[in-house]
Amino acid sequence: MIFIKSINDGGNRMAKNITPKEQDYSQWYLDVIRVAELADYAPVRGCMVVRPTGYSVWELIQKHFDEAFKETGHVNASFPLLIPKSFLEKEAEHVEGFAPECAVVTHAGGEELEEPLIIRPTSETVIGYMYSKWVQSWRDLPILINQWCNVMRWEKRPRLFLRTSEFLWQEGHTAHATKEEAVEETLLMLEVYRRIMADELALPVLPGEKTEGERFPGADNTYTCETMMSDKKALQAGTSHYLGQNFAKAFDIKFQNKNGEMDFAHTTSWGVSMRLIGALIMTHSDNDGLVLPPRVAPTKAVIIPISTDAAKFDEEIVPKAKELKTILNKTLCGRFVQVDTQQHLRPGDRFFFHLQRGVPLRLELGEKEFAVGKVKVVRRDTGEKMEITWEELEKRIPELLEEIQNNLFDRALKFRKENTYQAADMAQFREVLESKGGFVEVFFDGSKEDEKAIKEATGATPRCYPLEYSEERGRCFYTGKEGARKAIFAKAY
RNA sequence: CGGGAUGUAGCGCAGCCUGGUUAGCGCACCUGCUUUGGGAGCAGGGGGUCGUCGGUUCGAAUCCGACUAUCCCGACCA
């Protein structure tokens, strides 16, 4: 008789508290969030509670972006949660875009308010109002401000991390003297996003320009970082907008230029949100639970002391584990290594516990290893096991974390490439989408109405005109017009 | 907001059709013992106003209505 090991788990049993991806992707996503204790539902529809583990991931994400914002000359500030309703109405497209999803405060202090207040869905308007007070001369520009805050958009169909009514994000708002400078800022921040997502979150994103139909309400141009989830659907991971003079005109942000003439400022805004946590989950995780890239993992390695002998456990193995933890934490510059001393749980229970929570490395320190001065190290991403001496740990652990980080990125990039196809006309386009899914590269020169028609016919939307193809031109797959730019279409979250 | 489904212990479910003692099961949890290298075994135990409100009835988890929440498919979005 031949025993065949399960194909996808190296012979190990699969988690029984998680629905396999292949069976029900949405349920799998929710199961991962539940078992990894990232978030929970709040009593108010569409709102979520971010649990400590999820929030720790968010803090690391924040840290990476915040540093990059500061490196590029931005400073943080805080603007109010409540915005006068009239502010939102000053920019025609903006109000049209956001009005349907705004929550409005009508009563306060036991009385009806004279003017209803909007709970910010985004802060272009209040910030524009403030900028108009702060800007008189070209010398006052540029203004480069970011804020980390919560916003509220009353969503019809909420989904944890991806689309909740309240979410945490970051919104950068800048004002510049010239269009060139503002466009440069828009693209600079897009590149910052791409870099952080790639280097820190191991998300291979496709930076590009949004089509007219996908543009931010009130923007002249919107840029995006699009990324592919492991179900081949696209997720917009971050956006950067060139707002032209639209908000400057609506809020009277004007200044005297070098020639003594009055001019309106050019503004930008850019944001990434907690949705990135959803992106991390759907890009890297597997049927056993969460998989986190080391650079955004609150716990990068866990040391598991093992012994059947309680005295030995307490007196020899745990102290050694704590010693290794201290050394490694020093090496990793943070509190990234933990010791799991739950002796009442058997080793297997503890392995599984950390496996499900996405800890990148597991270090087993049992009597066997203790005797020879080694630990057994197991990678979360590949399941690979190795033995490392205590002396080598300080060097090898950071290396391994780096390898895992790179492997996750490479794996995701490979997946995206393998699931990206080309189509020359509508027939091919449909055929590819229906038989394969994923991203479809096409030349596209259609209108907003064409985008809508394509969506109705196929469910796919234009994700962006990737910057890397900005020079390429061809025949539009939909209208047949020549000179169309290369775009990516996909079904999206 | 349209279409569909579901709310019974932390999680997953049975019971409902055909109302009737103290509402069950698996996992998780607590105590004890035995265990311990990819989800342990035995024994004992705790935990539920059966989503909410109202109706029908002598009696409702069960029948009826409204509301609410969650999930799936659409339209909308970071």
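By convention in this document, chain letters (A, B, ...) are assigned in the order of the sequence lines, proteins followed by strands, and residues within each chain are numbered from 1. No experiment lies behind these values; they were computed from the predicted model shown.
- For A:Asn17 and B:G12, the CG to C1' distance is 10 Å, given to the nearest whole Å.
- Heavy atoms only, all atoms of each residue included: A:Glu209 and A:Leu467 are closest at N-CD2, 4.4 Å.
- B:G19 sits 11 Å from B:U56 when the C1' atoms are compared, rounded to a whole Å.
- The partner of B:C53, taking Watson-Crick or G-U wobble pairs whose two distances both stay under 3.5 Å, is B:G65.
- Taking the C1' atom of each, B:C77 and B:A61 are spaced 39 Å apart, rounded to whole Å.
- Taking the six-membered ring where the residue is Trp, the centroids of A:Phe429 and A:Phe489 are separated by under 6.0 Å.
- Here the P atom of nucleotide B:G37 and the CG atom of A:Asp349 are 9 Å apart, to the nearest Å.
- Rounded to whole Å, the separation between the P atoms of B:G48 and B:A43 comes to 25 Å.
- Between A:Arg463 atom CZ and B:C77 atom P there is a gap of 10 Å when expressed in whole angstrom units.
- Cation-pi geometry between A:Arg396 and A:Trp390 is not met at under 6.0 angstrom from the ring centre and within 45 degrees of the axis.
- Rounding to the nearest 0.5 angstrom, the gap separating the CD1 atom in A:Ile83 from the OG1 atom in A:Thr122 is 7.5 Å.
- Side chain of A:Glu369, nearest nucleotide from B:C77, B:G37, B:G39: B:G37.
- Distances from the side chain of A:Asp288 to the nucleotides B:A78, B:G38, B:G37 place B:G38 closest.
- Nearest heavy-atom pair across A:Phe353 and A:Arg357 is O-NH1, 3.1 Å.
- The base-pairing partner of B:C71, taking Watson-Crick or G-U wobble contacts with both distances under 3.5 Å, is B:G4.
- Taking the ring centroids of A:Phe69 and A:Trp270, they lie under the 6.0 Å cut-off.
- Nucleotides of RNA chain B nearest to A:Leu355 and A:Ala237 differ in position, and the one nearer the 5' end is that of A:Leu355.
- The distance from atom CZ of A:Phe351 to atom P of B:G38 is 6 Å, rounded to the nearest whole Å.
- Separating the C1' atom of B:A60 from that of B:U21 is a span of 15 Å, rounded to the nearest Å.
- For the pair A:Leu365 and A:Phe98, both in contact range of RNA chain B, the more 5′-proximal nearest nucleotide belongs to A:Leu365.
- With a 3.5 Å ceiling on both atom-pair distances, the Watson-Crick or G-U wobble partner of B:G32 is B:C42.
- Pairing of B:G59, defined by two Watson-Crick or G-U wobble distances under 3.5 Å, is not identified with any nucleotide.
- A:Thr19 comes within contact range of no nucleotide atom at all, as no heavy-atom separation falls under 4.0 Å.
- Among B:C77, B:G39, B:G37, the nucleotide with an atom closest to any side-chain atom of A:Ala15 is B:G39.
- Judged by atom type and distance alone, A:Arg362 reaches the base of B:G38 through a side-chain donor-acceptor pair under 3.5 Å.
- Residue A:Glu96 qualifies as open at atom CD: its count of foreign heavy atoms under 6.0 Å is 12 or below.
- The pair A:Lys452-A:Glu449 does not meet the salt-bridge criterion, since no charged nitrogen lies less than 4.0 angstrom from a carboxylate oxygen.
- One atom, NE2 of A:His241, and another, P of B:A78, lie 7 Å apart when rounded to the nearest Å.
- Using atom P as the reference point in both B:C17 and B:C63, the two lie 5 Å apart (nearest Å).
- Rounding to whole angstrom units, CD of residue A:Glu451 and P of B:C77 are separated by 11 Å.
- Aromatic ring orientation, A:Phe216 versus A:His94: tilted (interplanar angle from 30° to 60°).
- For B:A78, the base is not stacked against the aromatic ring of A:Trp169, per a cut-off of 5.5 Å between centres and 30° between planes.
- Regarding A:Lys210, its NZ atom lies at a distance of 10 Å from the P atom of B:C77, rounded to whole Å.
- In the interface, the side chain of A:Gln356 is not paired with the base of B:G38 through any donor and acceptor atom under 3.5 Å apart.
- With distances taken from any side-chain atom of A:Glu364 to the nucleotides B:G37, B:G39, B:A78, the minimum falls on B:G37.
- In this structure, the CD atom of A:Gln236 is 14 Å from the P atom of B:C76, given to the nearest Å.
- A:Gly271 comes within contact range of no nucleotide atom at all, as no heavy-atom separation falls under 4.0 Å.
- Contact annotation for A:Leu162: base contact, defined as any heavy-atom pair under 4.0 Å involving a base atom.
- Applying the Watson-Crick and G-U wobble criteria (two distances, each under 3.5 Å), B:C25 pairs with B:G12.
- Within the shown strands, nothing qualifies as a pairing partner of B:G19 under the Watson-Crick or G-U definition with both distances less than 3.5 Å.
- With A:Phe87 as the aromatic partner, A:Lys90 meets the cation-pi criteria of under 6.0 angstrom to the ring centre and within 45 degrees of the ring axis.
- Taking atom C1' in both B:U18 and B:U62, the straight-line distance is 10 Å, to the nearest Å.
- If you check B:C76, B:G38, B:G37 against the side chain of A:Glu101, the one that comes closest is B:C76.
- Nucleotides B:G24 and B:G47 have their C1' atoms positioned 14 Å apart, rounded to a whole Å.
- A gap of 34 Å separates the P atoms of B:C29 and B:G20, to the nearest Å.
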Output one line per pair: protein atom, nucleotide atom from nucleotides 66-75 of chain B, and distance, for all N/O pairs under 3.5 Å.
from, atom 1, to, atom 2, distance (Å)
B:U70, OP1, A:Gly46, N, 3.1
B:U70, OP2, A:Arg45, NH1, 2.8
B:U70, O3', A:Tyr41, OH, 3.2
B:C71, OP1, A:Tyr41, OH, 2.6
B:C72, OP1, A:Ser26, OG, 3.1
B:C72, OP1, A:Arg159, NH1, 3.1
B:C73, OP2, A:Arg157, NH2, 2.3

